[in-house]
Amino acid sequence: MQFRQLLPAPAAVQLPELLDSLELRAQVPAQRPFTIANFITSVDGRATFQGRSGRLGDDGDRALFRGLRDQADCVLVGTGTLRAEHYGRLIHDPDRRRRRAERGLDPEPLACIVSRSGEVPIDVPLFAEPEARAVVFAAAPVDTGNVAARVDVVRLAPGALTLATVLARLRTDYSIRVLLCEGGPTLFGALVRAGVVDELFLTLASKLTGGGDGETLTHGPEVAELDQLTLLWALERAGSLFLRYALPAR
Ligand SMILES: NC(=O)c1ccc[n+]([C@@H]2O[C@H](COP(=O)([O-])OP(=O)(O)OC[C@H]3O[C@@H](n4cnc5c(N)ncnc54)[C@H](OP(=O)(O)O)[C@@H]3O)[C@@H](O)[C@H]2O)c1
């Protein structure tokens, strides 16, 4: 799929080639995975319309969403998003799974879920998929009795369930090098405050929600100081902007 690159230099670019050139694996810190996040918002700053993100997106956004999954060892998601977006298998297409395997990756990323309450929506299709693998970091019991997927539950004391600990465990216990956070705003806000996000891929969809109770990109307390992000890419396709930001190293 072709995009119009505006920055760093005007060019017509193909998304798969562009994503393959990211070299995320070259930048992995010692203590945690290289961590990227992918979000979409409307022009009026909403991350949802009618409770979900899907209708904000278009073909370009969906291609980026899939393409980033293809690059990741693990997809990190909060229980709110898992529930609202009714998560299914992370990579459906056998050709994409085969291409990952040819690149030395597992055919599908590991799904990682964090939950304080233990109330993980195990009825979403992801958990009914025998080939899916997931790890749940939780501060309370999680009932995985009837799931077909291979699910590890890592119980941590409430005070020990920090995102720094989760990311360190992903790196050491699951050999995760590239972690993709797909949201939602509560989890992403906590990752930003923890200073563990390396890059943000933000689609600015050329749509207006007009208001409502839609989510914004982050939830929770503000950071102590505003960080200056670096804009690495600006792409355009069908009126939407696809921005890639680097966050400062901590
Ligand atoms: N526009 C987009 O790109 C985009 C992307 C993703 C999601 N969304 C939308 O966002 C909405 C959901 O957002 P949300 O903020 O409510 O949900 P969320 O961030 O996906 O999930 C929040 C839940 O995740 C767990 N969690 C989050 N941070 C945690 C932490 N630091 N430690 C332990 N557990 C943590 C908690 O689960 P427990 O309650 O189980 O303890 C928390 O209640 C949906 O409407 C979805 O469609 C939009």
Side-chain angles (χ1 to χ4, degrees), residues 22-39 47 68-69 71-83 87 90 105-106 109-121 126 133-142 144 150-202 215-230 232 244-250:
L22 284 173
E23 297 191 339
L24 303 173
R25 266 152 231 288
Q27 311 175 55
V28 182
Q31 309 299 333
R32 61 172 176 82
F34 190 80
T35 302
I36 63 176
N38 183 32
F39 276 91
L68 288 174
R69 278 190 177 179
Q71 299 292 328
D73 298 321
C74 178
V75 171
L76 172 66
V77 65
T79 55
T81 299
L82 202 64
R83 195 174 288 115
Y87 260 51
L90 294 180
L105 304 180
D106 287 337
L110 177 73
C112 176
I113 295 118
V114 288
S115 170
R116 290 194 192 86
S117 70
E119 288 170 21
V120 177
L126 173 72
R133 293 176 311 125
V135 54
V136 181
F137 290 90
V142 179
T144 55
R150 285 178 292 155
V151 183
D152 293 345
V153 177
V154 179
R155 270 290 297 278
L156 295 168
L161 180 59
T162 66
L163 292 172
T165 299
V166 168
L167 268 58
R169 295 284 295 264
L170 286 175
R171 180 90 167 86
T172 55
D173 300 355
Y174 293 88
S175 303
I176 300 302
R177 296 170 64 78
V178 175
L179 177 66
L180 167 63
C181 174
E182 293 185 341
T186 304
L187 177 57
F188 181 56
L191 286 168
V192 169
R193 291 189 297 278
V196 292
V197 182
D198 296 295
E199 291 189 6
L200 169 64
F201 290 77
L202 176 65
E215 307 285 344
T216 54
L217 217 60
T218 49
H219 265 172
E222 292 179 342
V223 292
E225 287 296 333
L226 286 172
D227 278 332
Q228 182 70 44
L229 312 189
T230 304
L232 301 176
R244 176 185 169 210
Y245 290 102
L247 282 73
R250 297 255 182 116

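The analysis underlying the following values was restricted to heavy atoms, covering all of them including side chains, and did not include hydrogens, waters or symmetry mates. Throughout, residue positions are numbered sequentially from 1 according to the sequence presented.
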* Asked: Once you round to the nearest 0.5 Å, how far does CZ of Phe201 lie from CD of Glu182?
  -> 12.5 Å
* Which heavy atom in Leu232 sits nearest to a heavy atom in Ala246, and how many Å separate them? -> CD1-CB, 3.8 Å
* Could you tell me whether the side chain of Pro158 reaches within less than 4.5 Å of the side chain of Arg116, counting heavy atoms only? => no
* Asked: Closest heavy-atom contact between Val192 and Val197?
  -> N-CG2, 4.0 Å
* To do: Would you check if Pro121 and Thr79 make a side-chain contact, meaning some heavy-atom pair closer than 4.5 Å?
  => yes
* Show your working on side-chain contact (heavy atoms from CB on, under 4.5 Å) between Leu156 and Thr162 and close with a plain yes or no. => CA-CA 9 Å; Leu156 295 168; Thr162 66; over 6 Å; no
* To do: For a side chain to side chain contact (heavy atoms under 4.5 Å, CB included) with Ile113, tell me which candidate from Val75, Val120, Thr81, Val166 qualifies.
  => Val120
* To the nearest 0.5 Å, how far apart are CG in Leu167 and CG in Leu163? -> 7.0 Å
* Asked: Say you draw a straight line from CD of Gln71 to CD1 of Ile36; how long is it, rounded to the nearest 0.5 Å?
  -> 7.5 Å
* **Nearest heavy-atom neighbours spanning Pro185 and Thr216** => CG-O, 3.0 Å
* Look at the rings of Phe137 and Tyr174 and say which category their plane angle falls in: under 30° parallel, 30 to 60° tilted, over 60° perpendicular. => perpendicular
* **Sub-4.5 Å side-chain heavy-atom contact between Leu76 and Thr35** => no
* Gln27 atom CD: more than 12 heavy-atom contacts under 6.0 Å -> yes
* To do: Taking all non-hydrogen atoms of both residues into account, name the closest pair between Val178 and Pro33 and its distance.
  => N-CB, 4.3 Å
* **Considering all heavy atoms, the nearest Arg193-Val223 contact** => CG-CG1, 4.1 Å
* Enter the distance from Phe39:CZ to Leu202:CG here, rounded to the nearest 0.5 Å. => 9.5 Å
* Under a 4.5 Å cut-off applied to non-hydrogen side-chain atoms, are Arg171 and Arg177 in contact? -> yes
* Enter the distance from Asp198:CG to Cys181:SG here, rounded to the nearest 0.5 Å. => 12.0 Å
* With a 4.5 Å heavy-atom cut-off, do Arg169 and Val135 have their side chains touching? -> no
* Do Pro248 and Leu229 come close enough that some side-chain heavy atom pair is under 4.5 Å? -> yes
* Passing candidate, side chain to side chain contact (heavy atoms under 4.5 Å, CB included) with Leu110, options Leu179, Ile176, Asp73 -> Ile176
* **Test side-chain contact (heavy atoms from CB on, under 4.5 Å) applied to Asp227 and Leu247, step by step** => CA-CA 7 Å; Asp227 278 332; Leu247 282 73; 5.8 Å; no
* Asked: CG of Asp152 to SG of Cys112: how many Å apart, nearest 0.5 Å?
  -> 10.5 Å
